[in-house]
Amino acid sequence: MALLDVQNLVVDIPTQRGVFHAVRDISFTLERGETLAIVGESGSGKSLTSLALMNLLPKLMKRKAARLTFDGNDLLDMPERGMRKLRGDCMAMIFQEPMTSLNPAYTIGDQLTEALRCHRSVSASAARDRAVQLLERVGIAAADRRLKQYPHQLSGGLRQRVMIAMALMCSPDLIIADEPTTALDVTIQAQILRLLADLKKEFGMAMILISHDLGVVARVADKVAVMYAGSVVESGPVRPVFNAPSHPYTRGLLSCIPVPGRTAPGAPLGAIPGQLPNLIGWLEGCTFRDRCAFAAPECAGEIPTAEPEPGHEVRCVRLPALAGAA
Amino acid sequence: MSETIPAIVEPPAAASEADVLAAAPPRGAWLRGFLRRSVGHGGLMLGGGILLIIVVLALAAPLIAPHDPYHQDLAQRLIPPIWHAHGTWNHVLGTDKLGRDYFSRLLYGAQISLLIGALTVVIAGTIGTLLGVCAGYFGGRVDAVLSYIVTTRLALPVVLVALALAVFVGGSLQGVILVLGLLLWDRFAVVTRSATKQVAQADYVAAARAIGCSTPRILFSEILPNIFNALIVVATLEMAHAILLEAALSFLGLGVQPPLPSWGLMIAEGKQYMFFSPWVIGIPATALVFLVLAINLVGDGLRDVSAPENRN
Amino acid sequence: MLAFTLQRLVIAICVAITVSIVAFFLLHLSGDLAISIAGPDATAAQVEAIRQQFGLDQPLAIQYLHWLWRALHFDFGNSFFFRTTVTSLIESRIPVTLTLGAVALGLSLVVAVPLGVVAAVYNGTIIDRLALGFSVLGQAVPAFCLGLALIILFAVNLHWLPVSGAATWKNYVMPSIALGWYAIPAVMRLSRNGMLEVLSADYIRTARAKGLSPAVVILKHALRNAIIPVVALAAVQFGFMLGGSIVIEAVFSMHGLGYLAWEAIARNDYPVVQAIVLILAIIYVGLTFVSDVANAFLDPRIRLA
């Protein structure tokens, strides 16, 4: 049985001008110990997906799904109390902005031990020991001194490590990392990613990694789902999707990245013209068609899900025509 | 790039009111939007309505007051209002300890409250705006000096100082206006200072400077019209403040002097009878509450309407 | 933090000195003080004698310095009307005012802060609107009217509380409510706005993601950050209450500092009025200093900068 089973997840935001379909009908599964990467540009709905899973969406947003189960538990009908038990304990989240994601008024130690003590009855000193242990594991030296410090006394990279340690306090089965390295320097990014990969191997937890950075994804993920304007346009194991991208959007994304050795110096990088469509109101057909170089009249209709290889799914009605052109 | 949750999406086409203001385009479009939002704002309409009624009643006092507010008739002392058993239609709201008709005194009292409120605001507003605009525009030393002056002024207990000054200026209508006007400028200064600081950054101010406009000219034609919104809001709120203070001063005997029908004075004069004739203080008190409530609603409403992004 | 505190202290002292100058000159505005003291029927010789006696023939600056010097030693001279030193008068009256102010502040905080928090948590609902409506209404009712209304209701009709005086704790109930009333809207709105801002912060989302209960999220994580400006405001409001207590003390015939000031003003008892204005102003300056420092201290980012 899959750890996480999501079928037809929808997130709607009511606005003055109509309903904004931020996440439209996406489905995926996640096995224990697997890492799924959700990739897409800003506004594609990837962060909302993760918040929808934890039921942490802002009050006004509505989520719907055909099925949403975690470790056998039905998350759709689960009352808030039940969700609170799961949050932090079985499913934990790491946010994008380490600078503002920690409470400035309390010490690191207080916020770390609180994560453990609200789910397990352990003594304060036992919680502190675990916090020290995890801080060391995420690569923070002089951990007991750090416990007494306040968030503003740590750098961005250190704070993100603290966030990771905090997520691990209860040894969760699933960690959702929402753009964990975006706000950090490039050198720190690499360190954090390596840390996440090591932790995943050691603790055996599943991970959903949300990013707009394909390089990040390739290193850490087992599966990838490419999102555009609320829909998953292509998904599958990492190697096939990266080596043989089928959807025009995925191909466009990959062509934007310079590859050492392959891209000629001074050659123009690919770019995808246009911008995200206005998602208010229901858009029939493929959301990418306004920016797609291969769009045709049938793109405005029903879009089937093709499967060029087992496990590798693509939502594009022009796939047969493109396969010939590729 | 880094936003994880989109705010409730407004189509990106329309610029915010702040942008419109900052570009200083024709006032027509902005004015229409302002009026539209005003009519839709419940508090503003309610407050404005009550205020309008009070102003009309006050202005029409000479026409509608059934009696002379100063006319004493000791045979008719302390008659209760119409809803009591002993009330008469001759004195709808009863009479006070000297037999003067309460309704008439209430109407003329409205004149006094409104007059004091308005004139105090004019005086305090002029002083405060002058100081605040200079501090906001010139910054640096001027600003530091102003902060210092405001802090000093705030340290003085207003009621006490007003009382002490009132003794010298003489308890009277003009005295109260003068004293309050000289004391209540601090909010004006603070608000106009921050509003000026914002406006002074705008391009059109730099443009005016570039074409050689003199500083007073800039202050008057560029800065002042654009801080007008903030100014109006403070003016209404300070007007309410002034009216309340005058009532307190008159209640303590050092504001408006008898026989003028200030509402605060009416409450003071009625205090000794309040146990048996509670309407003597109840009626002017209720009138005060309505007036101040109306002014506050208008002030809050104007604040909401002129800067929707600052909605409370 | 230390540098900040010292800077604030220096400013506070400068303001205190300026205020003392204003307080001093406040009462010399009426022209020749000697004539006012002597009365309208005094002869020129009597006026001159008084002028000598009170040192009014010296230059104003010198008079000020003398007065200031004595004030620093808590010597404010003798009251013209009451046959005793100003200092002893103030000593006997100030406990009433301080108690009244403290209780009033306490009451207003106990009402306003929870109200603001609840309004923020239930933002946009009927509870929020009721709280805001209550605050608007509250600002429209003058404190002395409320005091009188309370007297009529609780003292006269229900006989639960005494009408006037300052003898027992029961005497402080109604005056504290009336005095604290005016602070409630401001404190409530600040709490509400502070909470609203804090509740939308990223660290609140983190707290929720950890599975913490709503009570812990609101009371431990949110309130701790939102309360900082409220503490600062509370200190300042206490200062306003001390200054504004004169009206309430008049309504309830409580013999505190404000009442004393009222009597003194009516009787042209200048030394008393000067001293009271100075003391209240200094207390206020002290409170703003405390409020600034508290504001900085409660935020670890400033405290440990």
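Just so it is clear, the model here is predicted, and its values are computed rather than measured. We name chains A, B, ... by the order of the sequence lines, and we start the count at 1 in each one.
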Region of [X] that comes under 4.5 Å of a non-hydrogen atom in chain B:
X         : result
Val251(C) : both
Ile152(C) : side chain
Leu146(C) : neither

Under 4.5 Å heavy-atom distance to chain C, tell me which part of [X] shows up: side chain, backbone, both or neither.
X         : answer
Leu252(B) : both
Ala240(B) : neither
Ile267(B) : side chain

Residues Leu154(B) and Phe240(C): closest non-hydrogen pair is O-CE2, 4.5 Å

For Val285(C) against Ala155(B), the heavy-atom pair lying closest together
CG2-CB, 3.8 Å

I need the [X] [atom1] to [Y] [atom2] distance, nearest 0.5 Å.
X         : Y         : atom1 : atom2 : value
Leu148(C) : Lys271(B) : CG    : NZ    : 6.5 Å
Cys145(C) : Leu244(B) : SG    : CG    : 8.5 Å
Gln139(C) : Ile295(B) : CD    : CD1   : 12.5 Å
Arg153(B) : Thr18(C)  : CZ    : OG1   : 14.5 Å

Should we say atom CZ of Phe290(B) is surrounded by more than 12 heavy atoms from elsewhere, each under 6.0 Å from it?
no

Does atom CZ of Arg187(B) have more than 12 heavy-atom neighbours, drawn from other residues, nucleotides or ligands, at distances under 6.0 Å?
no

Check for a donor-acceptor pair, side chain of Tyr148(B) on one end and backbone N or O of Ile11(C) on the other, with a separation under 3.5 Å.
no

Would you mind telling me which of [options] has the largest number of heavy-atom pairs within less than 4.5 Å of chain C?
options                                    : result
Thr152(B), Leu297(B), Thr151(B)            : Thr152(B)
Val161(B), Leu291(B), Leu245(B), Val292(B) : Val292(B)
Gly43(B), Ala268(B), Ala248(B)             : Ala248(B)

Measure the shortest side-chain to side-chain distance between Pro142(C) and Leu288(B) over non-hydrogen atoms and say whether it is less than 4.5 angstrom.
yes

Criterion side chain to side chain contact (heavy atoms under 4.5 Å, CB included) on Tyr284(C) and Leu156(B), from CA distance to verdict:
CA-CA 8 Å; Tyr284(C) 180 86; Leu156(B) 297 171; over 6 Å; no

